[in-house]
> 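After the structure tokens below, expect a handful of questions from me.
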Amino acid sequence: MSEERKATLTIDGKTFDFPILKGVHGNDVIDIRTLGAKTGCFTYDAGFMSTASCQSSITFIDGEKGELLYCGYPIEQLADKCNFLEVAYLLRNRELPNADQKAKFEGTIRKHTLVHDQLTRFYNGFRRDAHPMAVIVGVVGALSAFYHHGMDYSNVEHRDICFQRIIAKLPTIIALAYRYNTGLPFMYPRNDLDYASNFMYMMFGVPSEEYKINPILSRALDIIFTLHADHEQNASTSTVRLAGSSEANPFACVASGISCLWGPAHGGANEACLNMLEEIGDVSRVGEYIKRAKDKNDSFKLMGFGHRIYKNFDPRSKLMGKVCADVLAELGLENNRLFKLAKALEKIALEDDYFVEKKLYPNVDFYSGIVQKALGIPTTMFTCVFALARTAGWLAQWEEMITDPDYKIGRPRQLYIGAARRNVPDIGKR
Ligand code: CMC
């Protein structure tokens, strides 16, 4: 990054210069790290609307163009030419694997899919009807109790093992949550299957009969994983970075990311979107819900619409729409009621002045729920699938942070607006 340009700030007649840093793509940033020391002022930027919290070489989004790059590669090409494990390798190593590296990495992941048998007992502590996101927050956090002693995350080999363990075990952990919830017997992973097929097998197989893999459906699920694998400094990734900045155990950090992802404004939108489509129920009621979404006095938002960064379209949504059509065709569900409803809703919203002016477009979650439902994944598990995929990005970002020589514990400042200093009155005078 060059530091040739400067931004000058004037406060009470005094001027202060700050370097302007230039990235490979995207907005320049004003380096204000010395602002507090030089001026005695902090910046105020609730929701990080204008703040770069780190430098990163992993993912880049051009919100105006609707472009998403992982390590420079367009998401469309990755979704077309690579599988999720190649993408996970890319995020961590910043380069795609060659044939040998791919075979070795996939082989290692296959060999780490089992979880410690003791971990399976955790599930019994949960209510059967517990939300699976709550269950996986607990179980993934509990991995830190299994893998903590003797781990030195300044050692690249230890970070390697951590990455392999979590990528390999997450499908097993999520499938176990589903099996516990439904009362079905736990299915051990099958190391002869590819990553997505193994997840489908652990979710839907039964010990009493052979489970037939449908390669088209497995491939669709694998693309869903790729589309969700990373997304710059979004809320959950920033949560993982902040938690990890205190040198906390990475499994515990991933659990914090899962907690953040759960919210309906973030990864929980896929579940919320499907629930919304069910509630709307019929194309004839779309107008009523569009009206509600535009009403300032109504808290209702069109789930699966809008994004902080994308202001033209979300490229993941386009790909997801195509995956959705392919999966429905494979299953003979082209006339699926919710898909038709989603199409109608999308068309009407995209032509509506409110959505056009505010640049609100379908995001990745708009179609992902329909695809997942068609695959047989229950609505409450949708965000778990998102978490499974995003774990690759979270750990790549965590590692990037802790290996950055400039890294410091995350510690934002604040604008205090509470009571001014005062003395505690005696109890009788309060
Ligand atoms: N329906 C109706 N109005 C909306 C919507 C929506 N889905 N999204 C934003 N707006 C309005 C919002 O009310 C605001 O209006 P005004 O300017 O009059 O106050 C304006 O558009 C700007 O919205 P914002 O909430 O200030 O924008 P943001 O960047 O803070 O929020 C968002 C982005 C994704 C949280 C928001 O668009 C939203 O809540 N969408 C629905 C939930 C959703 O689909 N989330 C998934 C995001 S993509 C998956 C992921 O990466 O997690």
> Does NZ or CZ of Lys322 lie under 6.0 Å from the centre of the six-membered ring of Tyr367, at an angle within 45° of the ring axis?
no
> For the rings on His158 and Tyr153, is their centre-to-centre separation under 6.0 Å?
no
> Taking the side chain as every heavy atom from C-beta outward, state whether Leu69 and His25 have any atom pair closer than 4.5 Å.
yes
> Can you check whether Leu277's main-chain N or O pairs, donor with acceptor, with Asn275's side chain at less than 3.5 Å?
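Flag not set: sc Asn275 to bb Leu277 has no pair under 3.5 Å.
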> Step through the shown structure and confirm whether more than 12 heavy atoms of other residues, nucleotides or ligands are within 6.0 Å of CZ on Arg422.
no
> Is the gap between the ring centers of His307 and His231 under 6.0 Å?
yes
> For His266, is there any backbone N or O sitting under 3.5 Å from a side-chain donor or acceptor partner on Asn234?
no
> Under the 3.5 angstrom rule, does the side chain of Asn270 hit a backbone N or O of Gly369 as a donor-acceptor pair?
no
> For Glu288, I'd like to know if atom CD has over 12 heavy atoms of other residues, nucleotides or ligands within 6.0 Å.
yes
> Quick one: does any side-chain atom of Asp352 pair with a main-chain N or O of Tyr354 as donor and acceptor, under 3.5 Å?
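Confirmed, Asp352 side chain pairs with Tyr354 backbone.
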> Can Ser56 and Glu400 be counted as having a side-chain donor-acceptor contact under 3.5 angstrom?
yes
> May I ask you to decide if the ring planes of Phe146 and His116 are parallel, tilted or perpendicular, using 30° and 60° as cut-offs?
tilted
> So, do Tyr361 and Phe305 have ring centers that fall under 6.0 Å from each other?
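So the answer is no for these two rings.
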> Quick check: does any side chain N or O of Asp222 sit under 3.5 Å from a backbone N or O of Ser218, one acting as donor and the other as acceptor?
no
> When you look at CG of Leu333, are more than 12 heavy atoms from neighbouring residues, nucleotides or ligands closer to it than 6.0 Å?
yes
> Within the side chain of Asn98, is there an N or O that forms a donor-acceptor pair under 3.5 Å with the backbone of Gln101?
yes
> Ignoring hydrogens and angles, tell me if any N or O in the side chain of Lys38 forms a donor-acceptor pair with the backbone of Asp17 under 3.5 Å.
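Looks like yes, one N/O pair under 3.5 Å.
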> Does the pair Phe126 and Tyr180 meet the rule for a ring-ring contact (aromatic ring centres under 6.0 Å, His included), with working shown?
CA-CA 9 Å; Phe126 292 103; Tyr180 178 74; 7.5 Å; no
> Between Phe16 and Phe18, is a side-chain contact (heavy atoms from CB on, under 4.5 Å) present by the stated rule, with each step listed?
CA-CA 7 Å; Phe16 306 91; Phe18 298 95; 3.6 Å; yes
> So, do Arg92 and Asp160 sit near enough that their side-chain heavy atoms are less than 4.5 Å apart?
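They are in contact (side-chain heavy atoms under 4.5 Å apart), so the answer is yes.
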> Report yes or no: do Asp45 and Thr43 form a side-chain donor-acceptor pair below 3.5 Å?
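The answer is no; no qualifying pair exists.
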> Can Gln55 and Asp406 be counted as having a side-chain donor-acceptor contact under 3.5 angstrom?
no
> Could you check whether atom CD of Glu95 has more than 12 heavy atoms from other residues, nucleotides or ligands sitting under 6.0 Å from it?
no
> Examine distances only and state if a side-chain atom of Ser238 and a backbone atom of Gln233 form a donor-acceptor pair shorter than 3.5 Å.
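Side chain of Ser238 to backbone of Gln233: a pair is present.
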> Within a reach of under 6.0 Å around CZ of Arg411, are more than 12 heavy atoms found that belong to other residues, nucleotides or ligands?
no
> Just checking, any donor-acceptor pair under 3.5 angstrom between side chains of Ser53 and Arg241?
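No - no donor-acceptor pair under 3.5 Å links their side chains.
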> Hey, is NZ on Lys311 packed in by over 12 heavy atoms from elsewhere, all under 6.0 Å?
yes
> For Ile58, is there any backbone N or O sitting under 3.5 Å from a side-chain donor or acceptor partner on Arg94?
no
> Is there a side-chain contact between Met320 and Arg316 in this structure, where contact means two heavy atoms from C-beta onward sitting under 4.5 Å apart?
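Heavy-atom side-chain distance check fails, nothing below 4.5 Å.
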> For residues Ser144 and Ala252, report the shortest heavy-atom separation together with the two atoms involved.
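Closest heavy-atom pair between Ser144 and Ala252: CB-N, 4.1 Å.
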> Could you go step by step and tell me if Glu399 and Arg159 meet the salt bridge (Lys or Arg N to Asp or Glu O under 4.0 Å) rule?
CA-CA 8 Å; Glu399 181 171 29; Arg159 294 198 300 273; 2.6 Å; yes
> Between Ser317 and Asn363, is there a side-chain heavy-atom distance shorter than 4.5 Å?
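Contact flag for Asn363/Ser317 side chains = no.
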> Quick one: is the NZ or CZ of Lys102 closer than 6.0 Å to the six-membered ring centre of Tyr89, and within 45° of its axis?
no
> Would Gln397 and Glu232 count as having a side-chain donor-acceptor pair, cut-off 3.5 Å?
no
> Could you tell me whether a side-chain N or O of Tyr70 sits under 3.5 Å from a main-chain N or O of Leu91, the two making a donor and an acceptor?
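No, the answer is negative, given that no donor and acceptor are paired below the 3.5 Å cut-off.
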> Is the CG atom of Asn27 crowded by more than 12 outside heavy atoms at less than 6.0 Å?
no
> Can you tell me if CD on Glu247 sees more than 12 non-hydrogen neighbours from other groups inside 6.0 Å?
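Counting other residues, nucleotides and ligands, CD of Glu247 stays at 12 neighbours or fewer.
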> Please determine which of Thr113, Thr108, Leu85 meets the side chain to side chain contact (heavy atoms under 4.5 Å, CB included) test together with Ile167.
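That would be Leu85.
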